[in-house]
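So that the names make sense, note that chain A is the first sequence line, chain B the second, and so on, each numbered from 1.
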2 protein chains.
Amino acid sequence: MLSKNQIKLITSLQQKKQRLTLQLFFAEGIKGIQELLESNFELVHLYTTQNDFDSVSNEKKVVIDETELKKITALATPNTCLAVFKIPSEKKITESGLILALDSIRDPGNLGTILRLCDWFGISQLICSKETVDIYNPKVVQATMGSIARVNVNYIDLVPFISQTNLPVFGTFMDGTNIYKTNLPQEGIIIMGNEANGISPEIEKLVKNRLTIPRFGSLQKTESLNVATATAIILSEFRRLS
Amino acid sequence: MLSKNQIKLITSLQQKKQRLTLQLFFAEGIKGIQELLESNFELVHLYTTQNDFDSVSNEKKVVIDETELKKITALATPNTCLAVFKIPSEKKITESGLILALDSIRDPGNLGTILRLCDWFGISQLICSKETVDIYNPKVVQATMGSIARVNVNYIDLVPFISQTNLPVFGTFMDGTNIYKTNLPQEGIIIMGNEANGISPEIEKLVKNRLTIPRFGSLQKTESLNVATATAIILSEFRRLS
């Protein structure tokens, strides 16, 4: 049985401000929750319509019905379970290997998909500008499909970080060198820009290695790729023969 | 001024059944509408809150206010304009070059993103199974960002089509050959499967060329890539040095 206060608390976690104040977030769906449980995320409460998750103690497990789940879900079609976790403290940035940096990605689906790509391509460090959508936004958590447990994410001011790094810095622009014909190292920072405006001018100044994904065919008019699909192509190209 | 019947007609076009009956669909936003106007799409009516689109005759242009736009839009944050077009008759399939075939893609955002990728990589023929989401679904039209005007899309039964083709047939599976180490031709049919279930067993039997996108690193647990990002990687790989 869910109390009004519990419903109020959980739904309030859809707001970034409340997540920051309470240092809590929630995930939905068996697979995503299972992956967070297996990682170092600290469970507060699990709400489930099934009597599943045997590994979770009865103090933390609340069996609810579908009507109750509908009151707390952020999904149009709710799953069978929702779990509230503590937001872990940010780990130190690992400044080696390939790092992906996001300059104001605003769409939760894009951020979630990009995190899943990082996981696939073994990018263990993701850096987000402070304007980037919050990684604990329920739509992001949903889109990551569990990858949130395996990629280190930090929110920082990108300009000072990129100014001081010894790693080569890459970005994609319309006038860059053909990514398919460039030798790409296994160390560096790859910057992906905002959905509408691309990489911001202050960051662009710091990008020494300008790349481009060529369009195929001269008659094509497509102006841009979606940022998640562009990230897929770039990470694939960096990793393809490594 | 919008009549009740006009509002009813436009909102009814959010349903596939109504689009099929009336052979009409709608697009929103200046850029997307402009691209459809420049192509061979036949405009029925343009509804705009600005007095823009000089090329559109006054008989077809209806200036409305924002309150009216909110009544007909399919978007949470409406643009400034919405245009109703006739659905063009399907052109014959061009059975040459690279063709992308979709086996039951259900998410409108994925289909729209894939269409945009086809446009970028010069894939002029997209074939969809009849279970694939409708290309004239407002969310698909929105996600294509105008690319809908430049890619030929057909809805067919995939099994008989793939059974009779002389083109090589490609699909991605967990146990395929490494896509980065395979010689990929510039002619063939590339099949992408459903978001949850992948390529269906009947289609899988017809795939002679089994490919895989390798994961990076042995500790990775990511089970799959989003279908749109997987399509991005595959099309990039087919086209990269062509």
* **A:Asp175 atom CG, neighbour heavy-atom count above 12 within 6.0 Å** => yes
* Asked: Does atom CD of B:Gln50 have more than 12 heavy-atom neighbours from other groups under 6.0 Å away?
  -> yes
* Asked: Taking everything shown except A:Gln186 itself, do over 12 heavy atoms lie less than 6.0 Å from its CD?
  -> yes
* Asked: Which of residues 229-242 of chain B get closer than 4.5 angstrom to chain A, counting heavy atoms alone?
  -> B:Thr229, B:Ala232, B:Ile233, B:Ser236, B:Glu237, B:Arg239, B:Arg240, B:Leu241, B:Ser242
* Heavy-atom side-chain proximity of B:Ile123 to A:Phe216 below 4.5 angstrom -> no
* Would a 4.5 Å heavy-atom cut-off, applied to side chains only, mark B:Arg116 and A:Asn226 as touching? -> yes
* Asked: Looking at B:Pro214, B:Ala228, B:Ser124, B:Ala143, which makes the most heavy-atom pairs under 4.5 Å with chain A?
  -> B:Pro214
